[in-house]
Protein chains: 2
Amino acid sequence: MGKRHISLKDLAKELGVSISTVSRALKNHPDISPDMTEKIQALAEERNYTPNPLAMGLLRQQTKMIGVIVPDINTHFYSSIISGIEKVAEDHGYFIVITSSNESKKKEIIAVQNLLKSRVEGFIVCLSQETDDFAHFQKLVNNEIPLVFFDRVCEELGVPSVLANGQDATKKITKHFFENGCKRIAYISGPEHLNISQNRKVGYLNGLNECGLEYDENLMVHCNLSIEDAKLATQELLQLENKPDAIFGVNDTIAFAAMIEVKKQGYKIPEDISLAGFTDEFHSTVVDPPLTSVSHPTFQMGEEAAKLFFESIEKGKSNNKRIMLPIDLVVRESSAKKKAKPFI
Amino acid sequence: MGKRHISLKDLAKELGVSISTVSRALKNHPDISPDMTEKIQALAEERNYTPNPLAMGLLRQQTKMIGVIVPDINTHFYSSIISGIEKVAEDHGYFIVITSSNESKKKEIIAVQNLLKSRVEGFIVCLSQETDDFAHFQKLVNNEIPLVFFDRVCEELGVPSVLANGQDATKKITKHFFENGCKRIAYISGPEHLNISQNRKVGYLNGLNECGLEYDENLMVHCNLSIEDAKLATQELLQLENKPDAIFGVNDTIAFAAMIEVKKQGYKIPEDISLAGFTDEFHSTVVDPPLTSVSHPTFQMGEEAAKLFFESIEKGKSNNKRIMLPIDLVVRESSAKKKAKPFI
DNA sequence: AAGCTTTGCGAAAACCTTTGCGGAAAACCT
DNA sequence: AGGTTTTCCGCAAAGGTTTTCGCAAAGCTT
């Protein structure tokens, strides 16, 4: 078992020519005679030569690697986005190195360091829910290392980013609930400092406003994005004196957790409480009742993020383009029309 | 904006010493005086020096990359396994490069080629459902390139592999159904040539046998692993003259598809038809009714696969160790006890 | 035929690191 | 003092590729 891959040198030795000749012949360089070129290419083909990417990388000072940091890798939301990134990256001959922050700021910082050590050429990141300062990303910006955010972004950094129009989505959900007879619409939100929480809150408030409903602070609860915490948040809502007649959750984990909890406490969906969430197609239809939800264009988000990445890697100077993707509200049974209730 | 990373040469120039001195000082080589060592290390620290992995790779002829090929990246099953692989890989200082075959044999072959071009040091693979010959993997074996299979394996190749005990699981499910009053137990299987289909079929037959039930070939249907095909397979079962009173599906997609279809046709679960599948924890509990299922130790499968990989990369000579992980049957409402029916 | 351009190829540097070897100076020995 | 060992560091090669430069031979011109 000798060496696994052959090099230009091997080919050169076998043909009794120099390495540079072989290199040029393989690129159809005009300096090399047609005869020689053909001979060399034939042998390269036969020996199954492929250039050594490490040597190329060393020469060009590029690793063709993109560091991708996500809060969690095991959910459809992120894995689908990763697929989108991966597709575009592959088209550009790049790899992605995926690291999960597990929603931990500390791990996120370490991830950045490690990926930097590995000489990734840049980053595509979705912030962890804990991340409330951005020194580790500021450093990247200062060193002009390409950085793109998606979904959860940091506006101040002036970095290109792609997000879904959560504000519009929450407004739509709120109005949809109202149009189906709900008056007390509750919202389970994520950590307050996250941009997605803030945007969606705005949409929620706008929606209430347009429906002529008053904002009741009891109806908006925050939770971290774990299933346990989401259940607690739901319980909190269900223990209110003046209970909600509709609940929507800021992501799929929360939506499902709320559904479990609501059913567990014996409320009927949607008769007693309407439900909606931000989820993916498949699982929305498989739960009972099928869940009204806004579906993120996840794959497309990944694609756009990767495209932004390559823009900023090519143009050198980073822009701070923001791409806002529309979100669709898909109405299913969990938010069907309520019968009018007698006014109290 | 100069260069982003500094090299030994930069440090050497700044201190007026040779590159080799710097290199050795950073490794506390005894040839270098304590004074010099300290001076160099201090500067390296200050300048934030980290060795260039490409140069190291070139020198050692290793890329520290593992090619991972999965049929699909967007399901919990695979993403969880990938997490497991990733963890072990990271502990060894390796990256994983993930490629999805999308259940296509053609794409799988291309993936192998591309990863090979990228000089991955070896492969961790779950076969696509279409893969019925193994020339592209045989080539790897011939060249002694480390290869590990998980879940869907090819026995003939004599390659280390890790799988879940699907045979035991299907037997348990079958017996569980029987003990809960089911007599006509149907099984929606995957493509026949896959090892997991074969193993699970054996378990199914053994289970029937131990329960004293006859095997009715109408009750075992095959489908490819898409949701559409799974629905068709379910319809097929439901159109039988002598209908099944229990169905289990070979993976989570099929199980959920069956559930949708059964409910759509108006059958009650579990009163009319009991249901079970191979699924993950979370989604089993969120559907209605909660689905009895066998849960794969996915994360652990990934870990074990990666461990096998490193064994075969270190030992040089590849073993053909097979690791069989136990699977747990978790009983939920979808297979609750049936009332005894009058004997026909 | 002498001087010119063109053609076709090789040498060497560059990218960065490790490491065996050699070599100069210092320290030791008798 | 002369010889030997030790201490400390530099040279150079290796790993694979691209690319600038240079050089020889062949073709051309007049």
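Within every chain, numbering begins at 1; the chains are lettered A, B, ... in the order of the sequence lines, protein sequences first and strands thereafter.
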Watson-Crick or G-U wobble mate for C:dT30, both contacts under 3.5 Å: D:dA1

Any donor-acceptor N/O pair under 3.5 Å between D:dC11 base and B:Ser20 side chain: yes

Residue of the set A:Phe123, A:Phe137, A:Phe134 for which ring-ring contact (aromatic ring centres under 6.0 Å, His included) holds with A:Phe149: A:Phe137

Parallel, tilted or perpendicular, as decided by the 30° and 60° cut-offs, for the rings of B:His92 and B:Phe310: parallel

Closest to the A:Met36 side chain, choosing from D:dC9, C:dC9, C:dT17: C:dC9

Sugar-phosphate only, base, or nothing, as touched by A:Ser33 at under 4.0 Å among non-hydrogen atoms: sugar-phosphate

Earlier contact from the 5' end, DNA chain D, for B:Met56 and A:Lys27: B:Met56

Pair B:Thr99-B:Asn114, side-chain donor/acceptor within less than 3.5 Å: no

Identified pairing partner of D:dT20, criterion: Watson-Crick or G-U wobble below 3.5 Å: C:dA11

base_contact_polar (C:dG10 base, A:Arg24 side chain, donor-acceptor, <3.5 Å): yes

Touch class at under 4.0 angstrom, heavy-atom based, for B:Asp31 against every strand present: base

Between B:Thr298 and B:Ser80, a side-chain donor and acceptor under 3.5 Å: yes

Per A:Leu59 side chain, nearest of listed nucleotides C:dT19, C:dA14, C:dT17: C:dA14

Of the listed nucleotides D:dT17, D:dG16, C:dT18, the one nearest the side chain of A:Leu8: D:dT17

B:Arg119 or B:Ile32, whichever maps to the more 5' nucleotide of DNA chain D: B:Ile32

